[in-house]
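Take a look at the structure set out below.
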Amino acid sequence: MNTASPVVAVIDRLVADRPAPGPATVSVTLLNDHGDPVAEVNPDAQHYAASTMKLPLVLAAYRLAAAGRVDLDAEIPVHNEFTSQVGGTFGVVQEDDSDPEPWQQLGGTATLRWLCRRAVVRSSNLATNLVLDQVGLAAVGEAIAACGATGISVSRGINDYAARDKLGDGNLITTRGLAAILSALHRGTAADRASCDAVLEVLAANEMAMDLRAGLPAGTWVAHKNGWVTDITHDAGLVRPPDARPFVLAVATTAPWTSEVAHGFIASLTAAVWEHRSTL
């Protein structure tokens, strides 16, 4: 990593001048086209994953499909009763879900492929748990390991509060780990090339555009997954500029900021990296 690079100085300054006072953990990882680090700030600090855990989950589904262990076009019953990791059952809180479409299928069926897509493009929590039911935690761990994504773990479904209370927040990420997954997808090492391209196509269709995408010129190709809950805002994506080499940027914030401040901070970091894209 070239610490004299102008983009390193810009990122360091933006993080140092973060937009609000109070305790905050901010992590940034910027990788070049080859997966080499260009800039890093607290890359191994662990943050609660929020919806970024859906990135390795969807990758796991496509890896299993490539191995013939699941059928992405199989019809899956759509329900809202899931087995907790500590016993008993739980359901997704509909009011906290950002995607109404899977709820419209409740009591019917949907394909695993469609559920994977809804888990990304509208960050559906119900779709996420249905996919996790089919994929299993072990396969998610295998996908994370295949990418060399350190510091990432997925140990429960969305709204499995009993598991959280008994086992702690086991859904964790680092920006180094998220960036490693995106870089592995880009380089075709996360799975076979066709599966990597298919996952990237889903990520590029993400409609939640208030973080990385907001810091890029309109129409820029970016495959990303963001996540947000109270005091948590993250995004990680692969950007393919038309006039420069691709790069991966992952930003994680654990801070008592308003959502507008947190989303704006990630967008400003992205815009700064974009301005220096020719140097990456």
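Criterion: ILVMFWY side-chain heavy atoms under 4.5 Å apart, direct or through other members. Under it, Ile181 and Val202 are part of a common hydrophobic cluster. Connection of Val92 to Val121 is not established within any shared hydrophobic cluster, with ILVMFWY side chains joined at heavy-atom distances below 4.5 Å, either directly or through further cluster members. Under a hydrophobic clustering in which Ile, Leu, Val, Met, Phe, Trp and Tyr are joined whenever their side-chain heavy atoms come within less than 4.5 Å, directly or via other members, Leu126 and Tyr161 fall into different clusters. When the side chains of ILVMFWY residues are joined at heavy-atom separations under 4.5 Å, either directly or via intervening members, Phe247 and Val15 end up in a single hydrophobic cluster. In this structure, Leu178 is not a member of the same hydrophobic cluster as Met210, with clusters built from ILVMFWY side-chain heavy atoms closer than 4.5 Å.
Of the possible polar contacts, one joining the Asn32 side chain to the Gly35 backbone as a donor-acceptor pair under 3.5 Å is found. Checked by atom type and distance alone, the side chain of Asn159 never pairs as donor or acceptor with a backbone atom of Phe90 at under 3.5 Å. Between the Thr253 side chain and the Thr25 main chain, no donor and acceptor come within less than 3.5 Å of each other. Judged purely by atom type and a 3.5 angstrom limit, Glu81 has no side-chain atom pairing as donor or acceptor with the backbone of Thr89. Between the side chain of Lys225 and the backbone N or O of Leu203 there is no donor-acceptor pair closer than 3.5 Å. Looking at Asn171, its side chain does come within 3.5 Å of a backbone N or O of Ser155 through a donor-acceptor pair. At distances below 3.5 Å, not a single donor-acceptor pair connects side-chain atoms of Ser195 with backbone N or O atoms of Arg63. When atom types are taken as modelled, the side chain of Thr220 and the backbone of Pro217 share a donor-acceptor pair closer than 3.5 angstrom.
Taking the side chain as every heavy atom from C-beta outward, Val41 and Asp12 approach each other to under 4.5 Å. Between Thr174 and Pro43 there is no side-chain heavy-atom pair separated by less than 4.5 Å. Using a 4.5 Å heavy-atom threshold, the side chains of Val7 and Leu280 count as touching. A 4.5 Å side-chain heavy-atom check between Phe82 and Leu130 finds at least one atom pair inside the cut-off. With a 4.5 Å cut-off on side-chain heavy atoms, Val239 and Pro246 do not count as touching. In this structure, the side chains of Arg156 and Asp169 come closer than 4.5 Å at one or more pairs of heavy atoms. In this structure, Arg240 and Leu238 have side chains that are in contact, with non-hydrogen atoms separated by less than 4.5 Å. Taking the side chain as every heavy atom from C-beta outward, Ile173 and Tyr48 never approach each other to under 4.5 Å.
Ala119 and Lys54 make their closest contact through O-CD, 3.3 Å (heavy atoms, listed as atom of the first residue, atom of the second, distance). Scanning both residues, Leu182 and Ala223, for their nearest heavy atoms gives CD1-O, 3.6 Å. The shortest non-hydrogen separation linking Val93 to Trp103 is C-CZ2, 4.5 Å. Pairing each heavy atom of Leu185 with each of Cys196, the nearest pair is O-CB, 3.5 Å. Residues Trp257 and Ala262 come closest through the heavy atom pair CE3-CA, 3.8 Å. Across all non-hydrogen atoms, the minimal contact from Pro102 to Ser124 is CG-OG, 3.4 Å.
Between the side chains of Thr175 and Thr29, at least one donor N or O lies within less than 3.5 Å of an accepting N or O. Between Ser123 and Ser98, the side chains place no donor N or O within less than 3.5 Å of an acceptor N or O (distance only, hydrogens not considered). Side chains of His234 and Thr52: a donor-acceptor N/O pair is absent below 3.5 angstrom, by distance only. With hydrogens and angles left out, the side-chain atoms of Asn226 and Asn206 include a donor and acceptor closer than 3.5 Å. Using modelled atom types, one finds a donor on one side chain and an acceptor on the other under 3.5 Å when comparing Asp160 with Ser84.
Residue Ile152 is tested with Ile144, Leu55, Val140 for a side-chain contact (heavy atoms from CB on, under 4.5 Å); the sole match is Ile144. Remark: of the listed residues Asp133, Val131, Thr109, Leu115, Leu115 is the sole one forming a side-chain contact (heavy atoms from CB on, under 4.5 Å) with Ile76.
With a 6.0 Å radius and a threshold of 12 heavy atoms from other residues, nucleotides or ligands, Arg245 has its CZ atom at or below the threshold.
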Checking Leu269 against Ile266 for the side-chain contact (heavy atoms from CB on, under 4.5 Å) test, could you report, in this order, the C-alpha distance in whole Å, the side-chain angles of both residues, the deciding distance, and whether it holds?
CA-CA 5 Å; Leu269 274 171; Ile266 294 176; 5.6 Å; no

Please lay out, stage by stage, how Leu57 and Leu132 fare under the test side-chain contact (heavy atoms from CB on, under 4.5 Å).
CA-CA 7 Å; Leu57 171 63; Leu132 185 58; 3.9 Å; yes

Apply the test side-chain contact (heavy atoms from CB on, under 4.5 Å) to residues Gln85 and Leu137: give CA-CA distance (whole Å), side-chain angles for both, the deciding distance (0.1 Å), then the verdict.
CA-CA 10 Å; Gln85 294 303 309; Leu137 291 172; 3.4 Å; yes

Step by step, would you call Thr254 with Val26 a side-chain contact (heavy atoms from CB on, under 4.5 Å)?
CA-CA 7 Å; Thr254 299; Val26 176; over 6 Å; no

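Between the CG atom in Leu212 and the CG atom in Asp235 there is a gap of 4.0 Å [rounded to 0.5 Å]. Atom-to-atom distance recorded for Arg187:CZ and Leu31:CG is 8.5 Å, nearest 0.5 angstrom. A distance of 4.5 Å separates CD of Glu260 from OG1 of Thr258, quoted to the nearest 0.5 Å. For the atom pair NE2 of His47 and OG1 of Thr233, the computed distance is 11.0 Å after rounding to the nearest 0.5 Å. To the nearest 0.5 Å, the span separating CG on Asp96 from CG on Asn125 amounts to 7.5 Å. From Gln105, atom CD reaches atom CZ of Arg118 across 10.0 Å, with rounding to the nearest 0.5 Å.
With respect to the salt-bridge test (charged N to carboxylate O, under 4.0 angstrom), the residues Arg122 and Asp97 do not qualify. Using a 4.0 Å cut-off between charged nitrogen and carboxylate oxygen, Glu40 and Arg176 count as a salt-bridge pair. Ionic pairing of Asp243 and Arg277 is present here: one or more N-O contacts between side-chain nitrogen and carboxylate oxygen are shorter than 4.0 angstrom.
A cation-pi arrangement is not found for Arg117 relative to Trp114, the charged atom failing to lie both closer than 6.0 Å to the ring centre and inside a 45° cone about the ring normal.
Classified by interplanar angle (parallel below 30°, tilted 30° to 60°, perpendicular above 60°), the ring pair Trp228/His263 is perpendicular.
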